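Remarks on the structure that follows.
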Amino acid sequence: QVQLVESGGGLVQAGGSLRLSCAASGRTFSSYAMGWFRQAPGKEREFVAAISRGGRNTYYADSVKGRFTISRDNAKKTMYLQMNSLKPEDTAVYYCAADFTGRSDYVNWSLSDYDYWGQGTQVTVSS
């Protein structure tokens, strides 16, 4: 089992930047493909970005492509989401998630496939 804790959320003006972190504990972090998801008030949770076990492969939702960058440091058991050029529509609770997999290059954008979730961190972008 793995435990996930997000941090780095906050209030930022449109056009600004934030860096989210997801710290993992428990089983070997490098055994998991990882992802970021978000949920705005009154909306369903949606995919944001995903990264393979070794960090070689990444995948982004169209809405954040070119503005957000996902990365991971397996030695530190931490995943990151660098968010630039933030927009008010990026306002949401951001969740990190872990998908246990034996495939090293696998990236997963399907919410239902993820095994473990963090508690979320609030990101608010003011106009």
Side-chain angles (χ1 to χ4, degrees):
Q1 194 170 8
V2 64
Q3 293 79 41
L4 304 172
V5 178
E6 302 96 335
S7 61
L11 173 64
V12 63
Q13 289 188 332
S17 298
L18 281 174
R19 188 193 196 201
L20 305 184
S21 297
C22 172
S25 61
R27 293 183 62 179
T28 306
F29 181 66
S30 59
S31 297
Y32 293 86
M34 300 292 294
W36 286 99
F37 295 79
R38 66 187 182 186
Q39 188 166 17
K43 296 187 176 182
E44 293 186 351
R45 195 171 297 188
E46 65 176 8
F47 169 76
V48 175
I51 190 166
S52 60
R53 283 171 43 182
R56 182 175 184 176
N57 291 343
T58 58
Y59 187 75
Y60 297 91
D62 288 343
S63 59
V64 306
K65 199 172 297 182
R67 300 188 297 122
F68 290 10
T69 302
I70 189 171
S71 62
R72 66 190 293 167
D73 185 334
N74 285 348
K76 295 182 178 180
K77 295 185 179 180
T78 304
M79 175 179 66
Y80 306 96
L81 185 68
Q82 177 66 43
M83 304 186 295
N84 299 329
S85 303
L86 283 161
K87 305 175 181 180
E89 51 263 44
D90 294 318
T91 295
V93 177
Y94 283 70
Y95 298 90
C96 66
D99 176 18
F100 185 73
T101 177
R103 297 163 56 185
S104 60
D105 292 336
Y106 177 69
V107 288
N108 186 5
W109 55 86
S110 175
L111 182 151
S112 62
D113 289 344
Y114 278 82
D115 304 303
Y116 304 101
W117 292 84
Q119 84 290 347
T121 185
Q122 177 70 48
V123 172
T124 303
V125 184
S126 62
S127 57

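Only a predicted model underlies this, so the values are computations on that prediction, with no experimental measurement involved. Sequence positions, counted from 1, serve as the residue numbers for this chain.
Less than 6.0 angstrom separates the ring centroid of Phe37 from the ring centroid of Trp117.
Each of Tyr60 and Phe47 belongs to its own hydrophobic cluster when Ile, Leu, Val, Met, Phe, Trp and Tyr are linked at side-chain heavy-atom distances under 4.5 angstrom. Val2 and Tyr95 are not part of a single hydrophobic cluster, where members link through side-chain heavy atoms under 4.5 Å apart. Residue Trp36 is not grouped with residue Leu111 when hydrophobic side chains (ILVMFWY) are merged at heavy-atom distances under 4.5 angstrom, including chains of intermediate members. In the hydrophobic clustering of ILVMFWY residues, with side-chain heavy atoms under 4.5 Å counting as a link, Val107 and Phe100 come out apart.
Shortest non-hydrogen contact noted between Ala92 and Ala40 is CB-N, 3.8 Å. The shortest heavy-atom contact between Ala33 and Tyr114 is O-CE2, 4.0 Å.
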Starting from the C-alpha separation in whole Å, work towards a yes-or-no answer on side-chain contact (heavy atoms from CB on, under 4.5 Å) for Gln13 and Ser126.
CA-CA 5 Å; Gln13 289 188 332; Ser126 62; 3.7 Å; yes
side-chain contact (heavy atoms from CB on, under 4.5 Å) assessment of Glu6 paired with Tyr94
CA-CA 8 Å; Glu6 302 96 335; Tyr94 283 70; over 6 Å; no
Could you go step by step and tell me if Lys65 and Asp62 meet the salt bridge (Lys or Arg N to Asp or Glu O under 4.0 Å) rule?
CA-CA 5 Å; Lys65 199 172 297 182; Asp62 288 343; 3.1 Å; yes
Please step through side-chain contact (heavy atoms from CB on, under 4.5 Å) for the pair Ser52 and Tyr106, ending with a clear verdict.
CA-CA 5 Å; Ser52 60; Tyr106 177 69; 5.7 Å; no
Should Leu20 and Met83 be marked as a side-chain contact (heavy atoms from CB on, under 4.5 Å) after you check the CA-CA gap, both sets of side-chain angles, and the distance that decides it?
CA-CA 8 Å; Leu20 305 184; Met83 304 186 295; 3.7 Å; yes
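Ser17 is listed as a side-chain neighbour of Gln82, based on a closest heavy-atom distance under 4.5 Å. Within the 4.5 Å cutoff, no side-chain heavy atoms of Lys87 are placed close to those of Val125.
Separating the OG1 atom in Thr69 from the CG atom in Asn84 is a distance of 6.5 Å, to the nearest 0.5 Å. For the atom pair CD (Gln122) and CG (Leu11), the distance works out to 9.5 Å, reported to the nearest 0.5 Å. Atom-to-atom distance recorded for Asp99:CG and Trp109:CH2 is 12.0 Å, nearest 0.5 angstrom. With rounding to the nearest 0.5 angstrom, the SG atom of Cys96 is 7.5 Å from the CD atom of Gln119. Annotation: the span from Ile51 atom CD1 to Ile70 atom CD1 amounts to 5.0 Å, rounded to 0.5 Å. Atom OG1 of residue Thr121 and atom CG of residue Leu18 lie 9.0 Å apart, to the nearest 0.5 angstrom.
Panel note: side chain Thr28, backbone Ser30; no donor-acceptor pair is recorded below 3.5 Å.
The cationic group of Arg72 lies under 6.0 Å from the six-membered ring centre of Phe29 and within 45° of the ring axis, placing it in a cation-pi geometry.
Under the side-chain contact (heavy atoms from CB on, under 4.5 Å) test applied with Arg38, the options Asp90, Val123, Val93 reduce to a single match, Asp90. Evaluated for a side-chain contact (heavy atoms from CB on, under 4.5 Å) with Tyr116, the options Gln3, Gln1, Met34 yield exactly one hit, Gln1.
Tyr80 belongs to no hydrophobic cluster, as no Ile, Leu, Val, Met, Phe, Trp or Tyr side chain comes under 4.5 Å of its own.
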